[in-house]
Amino acid sequence: MVTKAISTAVELVNAPLLYKGKVRELYDLGEHYLIVVTDRISAFDYVLEPAVPDKGNVLNRLSAHWFSLTGDLIDNHVIHADVERLGFAIKAESKELLKDRIMVTRRAERIPIECVVRGYVTGGGWRQYEETGEINGTKLPAGLRKNDKLPEPIFTPSAKNDVGHDEDISYDQMTEMVGAELADQLRTRSLELYEFARQYCDQRDIILADCKLEFGSVDGELILIDEIFTPDAARFWAKENYALDIEIDSMDKEPVRTYLSGSDWDKNSQPAPLPPFVVEETARRYREIFYRLTGKRLY
């Protein structure tokens with residue numbers, strides 16, 4: 001089944017648009033927020049064309065799945081994800097298009113820290129380790145190889161920037177920003193959530209290499225917000241593909257990154273539209289990780 005890709009929901013929603021991110025759009029429902037997850041895809045800080053069918057569907061349904069599973073560990077921002085309960089907030093003819101792409105949430109105050117947990121030394125963490133023997137100020141054992149499993153997962157935060165890249169920071173720097181008590185809570189909760197998800201993935205022959213989490217505050221209570229353990233917020237490896245000293249093909253938008261890296265794109269201007277075969281393979285991967293994590297097909 002081929003579904004229509006949604007690049008924006010502005011024409012489908014009656015509520016005021018508050019924020020448009022690379023993938024998500026935030027609308028004002030008064031007491032609550034409405035988050036619509038589009039099919040837009042980004043790489044190397046550019047939003048690409050065309051959108052990838054079912055990507056938003058997968059991201060939203062996976063987040064809802066994980067929010068439900070982790071509810072006993074920490075509260076989250078979810079009110080509901082039922083398009084039928086939105087009433088006049090969306091246009092009647094938009095219900096089918098927005099089904100499985102929406103989430104109504106509490107109005108949390110975002111904590112400006114991206115909470116990254118790494119169980120393996122790979123990606124940007126590997127590049128830091130090669131140069132310094134550390135990741136975000138955390139000293140690691142000598143002699144690790146690319147993609148090695150770490151002795152224990154590590155917490156490597158970054159400061160959220162509304163413009164440009166997020167900035168890698170040390171735990172001490174984070175403590176200076178948010179205070180010792182909140183810093184400890186963020187680290188403890190992040191490591192607990194990673195371990196929960198790691199075990200869950202392990203039972204499904206998936207390695208959770210690393211993840212990023214975001215938290216907010218509602219009436220002084222720390223809650224989980226945004227998205228969790230999706231292909232856009234975590235690095236999933238199929239166990240059968242695991243190896244040291246290579247670039248492991250992760251279960252996400254890797255076909256897009258590979259295509260762009262091998263093209264003649266200068267990385268300083270908007271790239272040309274993605275070819276159909278890249279879009280189709282990327283959509284297939286999002287559907288596949290959804291199936292492997294939930295045991296359900298999209299259709």
Heavy-atom neighbours of [X] [atom1] exceed 12 at 6.0 Å:
{"X": "Tyr291", "atom1": "OH", "value": "no"}
{"X": "Glu247", "atom1": "CD", "value": "no"}
{"X": "Glu93", "atom1": "CD", "value": "yes"}
{"X": "Gln270", "atom1": "CD", "value": "yes"}
{"X": "Asp266", "atom1": "CG", "value": "yes"}
{"X": "Lys91", "atom1": "NZ", "value": "yes"}
{"X": "Asp245", "atom1": "CG", "value": "yes"}
{"X": "Glu152", "atom1": "CD", "value": "no"}

Lys NZ or Arg CZ of Arg204 over Tyr200 ring: under 6.0 Å, within 45° =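 Yes, Arg204 and Tyr200 form such a contact.
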Taking C-beta and beyond as the side chain, do [X] and [Y] meet within less than 4.5 Å on heavy atoms?
{"X": "Arg40", "Y": "Lys20", "value": "yes"}
{"X": "Asp168", "Y": "Thr156", "value": "no"}
{"X": "Lys55", "Y": "Thr282", "value": "no"}
{"X": "Tyr120", "Y": "Leu208", "value": "no"}
{"X": "Ser42", "Y": "Val256", "value": "no"}
{"X": "Met103", "Y": "Phe67", "value": "yes"}
{"X": "Leu59", "Y": "Tyr286", "value": "yes"}
{"X": "Ile113", "Y": "Phe215", "value": "no"}

Output yes when [X] and [Y] qualify as a salt bridge under the 4.0 Å nitrogen-oxygen rule, no when they do not.
{"X": "Glu221", "Y": "Arg106", "value": "yes"}
{"X": "Glu130", "Y": "Arg127", "value": "no"}
{"X": "Asp39", "Y": "Lys4", "value": "no"}
{"X": "Asp45", "Y": "Lys22", "value": "yes"}
{"X": "Arg24", "Y": "Glu214", "value": "no"}

Please check if the side chain of [X] supplies one atom and the backbone of [Y] the other of a donor-acceptor pair under 3.5 Å.
{"X": "Lys239", "Y": "Asp202", "answer": "yes"}
{"X": "Ser170", "Y": "Gln173", "answer": "yes"}
{"X": "Tyr46", "Y": "Ser269", "answer": "yes"}
{"X": "Asn241", "Y": "Ala238", "answer": "no"}
{"X": "Asp100", "Y": "Asn57", "answer": "no"}
{"X": "Arg101", "Y": "Leu97", "answer": "yes"}

Passing option when Arg285 is tested against Asp252, Asp232, Asp249 for salt bridge (charged side-chain N to carboxylate O under 4.0 Å, His left out) |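 The residue from Asp252, Asp232, Asp249 that satisfies salt bridge (charged side-chain N to carboxylate O under 4.0 Å, His left out) with Arg285 turns out to be Asp249.
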Going only through I, L, V, M, F, W and Y residues with side-chain contacts under 4.5 Å, is there a path from [X] to [Y]?
{"X": "Leu213", "Y": "Ile223", "value": "no"}
{"X": "Leu62", "Y": "Ile207", "value": "yes"}
{"X": "Leu222", "Y": "Phe155", "value": "yes"}
{"X": "Ile225", "Y": "Leu69", "value": "no"}
{"X": "Leu140", "Y": "Tyr194", "value": "no"}

How long is the span from the [atom1] atom in [X] to the [atom2] atom in [Y], to the nearest 0.5 Å?
{"X": "Ile246", "Y": "Thr122", "atom1": "CD1", "atom2": "OG1", "value": "9.5 Å"}
{"X": "Asp82", "Y": "Ile102", "atom1": "CG", "atom2": "CD1", "value": "7.0 Å"}
{"X": "Ile111", "Y": "Leu182", "atom1": "CD1", "atom2": "CG", "value": "4.5 Å"}
{"X": "Asp210", "Y": "Ser250", "atom1": "CG", "atom2": "OG", "value": "9.5 Å"}
{"X": "Thr138", "Y": "Arg118", "atom1": "OG1", "atom2": "CZ", "value": "10.0 Å"}
{"X": "Leu224", "Y": "Ile74", "atom1": "CG", "atom2": "CD1", "value": "5.5 Å"}

Test Glu31 against Val104 for side chain to side chain contact (heavy atoms under 4.5 Å, CB included), laying out the working first.
-> CA-CA 10 Å; Glu31 182 182 0; Val104 175; over 6 Å; no
Heavy-atom closest pair, residues [X] and [Y]:
{"X": "Ala15", "Y": "Tyr27", "result": "O-CD2, 3.4 Å"}
{"X": "Phe44", "Y": "Ser261", "result": "CZ-OG, 3.6 Å"}
{"X": "Arg292", "Y": "Asp205", "result": "NH2-O, 3.0 Å"}
{"X": "Phe229", "Y": "Trp66", "result": "O-NE1, 2.9 Å"}
{"X": "Lys139", "Y": "Gly133", "result": "CD-O, 3.8 Å"}
{"X": "Leu260", "Y": "Ala43", "result": "CD1-CB, 4.0 Å"}

Take Leu150 and Leu144, measure what side chain to side chain contact (heavy atoms under 4.5 Å, CB included) needs, and give me the verdict at the end.
-> CA-CA 8 Å; Leu150 294 168; Leu144 293 176; 3.8 Å; yes
Assess, by modelled atom type and distance only, whether the side chains of [X] and [Y] contain a donor and an acceptor separated by less than 3.5 Å.
{"X": "Glu25", "Y": "Thr8", "result": "yes"}
{"X": "Gln128", "Y": "Thr132", "result": "no"}
{"X": "Gln185", "Y": "Glu181", "result": "no"}

Does the side chain to side chain contact (heavy atoms under 4.5 Å, CB included) test come out yes or no for Asn60 and Ile35, once each step is laid out?
-> CA-CA 9 Å; Asn60 194 63; Ile35 298 175; 5.7 Å; no
Do you know which of Ile154, Asp184, Leu186 makes side chain to side chain contact (heavy atoms under 4.5 Å, CB included) with Tyr171?
->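 In the set Ile154, Asp184, Leu186, the residue that makes a side chain to side chain contact (heavy atoms under 4.5 Å, CB included) with Tyr171 is Asp184.
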Quick one: which of Leu34, Leu98, Val13 gives a side chain to side chain contact (heavy atoms under 4.5 Å, CB included) with Leu86?
->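 Passing option: Leu34.
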Geometric class of the Tyr242/Trp237 ring pair [parallel <30°, tilted 30-60°, perpendicular >60°] =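 Geometry flag for Tyr242 against Trp237: tilted rings.
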Check the pair Leu191 / Val117 against side chain to side chain contact (heavy atoms under 4.5 Å, CB included), numbers first and verdict last.
-> CA-CA 7 Å; Leu191 290 168; Val117 179; 3.9 Å; yes
